[in-house]
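Let me begin by presenting the structure, written as structure tokens, before commenting on it.
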Amino acid sequence: MASSNRNLLVLPGDGIGPEVMNEVRKIIAWMGNRRAVGFDIKEDLVGGAALDKHGVPLADDTMMLALEADAVLFGSVGGPKWDTADFSKKPERGLLRLRKEMDLFANLRPAKVFDALVDASSLKPEIVKGLDIMIIRELTSGVYFGEPRGRQTNAKGEVEAFDTQRYTVGEIRRVCAVAFELARKRQNKVLSAEKANVMHTGVLWREEATKLHKEKYADVKLEHMYADALAMQLLRQPNQFDVIVTDNLFGDILSDEASMLTGSLGLLPSASLGAPDATGRRKALYEPIHGSAPDIAGKGLANPIAETLSYAMMLRYSFDLGKEADLVETAVENVLKAGYRTGDLLVGKTDGTKKVGTQEMGDAIVKELDRLA
Ligand code: IPM
Ligand code: MN
């Protein structure tokens, strides 16, 4: 394989993470052989796998590798084996540490409906056909990280737990800027969601989104919505949205909801990006939005498409390889058109489809790449 100066850290993690990553490795190899798109790859442990070996869900050495890499390709973390782990050692903390220390504040979660899958959505085909939404989730602040947080016994002797939702002006502005910039390359529309009716952070969020819009992005159409109303509108008329920007927790929930419009959580990739440095390079981590799916892990049933499309996003956003990203996305689309379906996609009308496992789906994508190239 061609050597390169593209440094990639692969973190397969737990559950179905390693299985879907194995399929992406085939595509990485294909790109190296057929397109001379090579990577210098390092691989390491994260989540429960790291906890078992090192006693922490992310070792300091791994954190260093992630900070040095041009991009991190991530699988998934967590599983019942570690449910009883101490809160600070939960597998999820490994992922949260990566996001925080790499300062990956902008999480891009596209929800796109493939024509071949309009019938796999739980909504009517006419509601979801052609759907193409980009959710931008703030990823390094809000209630996921706000202090103080914890547990205590209150004055009445009762145990209570608390988390803090906190946002600074800078944090709101930088993620909204990403949304406006992206909108300009799409339908030029941004919907900003919060709960300004009940939360101080929501009021500040709306003020700052509005100010930034006036200052720099007045050419983009900006609307605001309460996050609960957005949850409803995403089911009622999802096609009205282009770019949605929202906080960490609302973004977590709303992106899971949006994924189901497309038919399956097993389809959707995401890119988590930091601020550009002096050379224009952004730290970046790419991961499917699905979790470790312990119920199907190790059975060869998982859908490798979300991880595959995460790799395609990496080609596009970290390495400016738009053509190669298009190629991977087209291969996925064609394989779906040809009727290949992992179990998660076998809902609704299934005539003309072929049920396949993880490896068969990966092989079908590689074969389609061969055909396209
Ligand atoms: C996600 C996941 C994570 C989150 C977990 C695994 C920490 O649900 O990426 O959406 O809540 O952010
Ligand atoms: Mn989530």
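Values reported hereafter were calculated over all heavy atoms of this structure, with side chains retained and with hydrogens, waters and symmetry mates removed. Everything numeric in this text was worked out from a predicted model, so none of it was measured. Just follow the structure's listing: the first ligand is 1, and inside any ligand the first atom is 1.
Cluster annotation: V143 and I135 are assigned to distinct hydrophobic clusters (Ile/Leu/Val/Met/Phe/Trp/Tyr, side-chain heavy-atom contacts under 4.5 Å, transitive).
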Start with the C-alpha distance between L321 and V37, add both sets of side-chain angles, then the distance that settles side-chain contact (heavy atoms from CB on, under 4.5 Å), and finish with yes or no.
CA-CA 9 Å; L321 293 164; V37 173; 3.6 Å; yes

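N107 and S272 share a side-chain donor-acceptor pair at under 3.5 Å. E138 and T140 share a donor-acceptor pair across their side chains, judged by distance under 3.5 Å alone. A side-chain N or O of S141 and one of E171 form a donor-acceptor pair less than 3.5 Å apart. A donor-acceptor pair shorter than 3.5 Å cannot be found between the side chains of E23 and Q359. Side chains of W82 and D14: a donor-acceptor N/O pair is absent below 3.5 angstrom, by distance only.
For F39 and F319, the ring centers sit closer than 6.0 Å to each other.
Just one residue in the list W205, F105, F145, Y144 forms a ring pair (Phe, Tyr, Trp, His ring centres under 6.0 Å) with Y167, and that residue is W205.
For the Mn ion (ligand 2), the count of nearby protein N, O or S atoms, meaning those under 2.8 Å away, is 1.
Residues lining ligand 1 at a heavy-atom distance below 4.0 Å are given as E92, R99, R109, R137, Y144, D252, ordered by chain and residue number.
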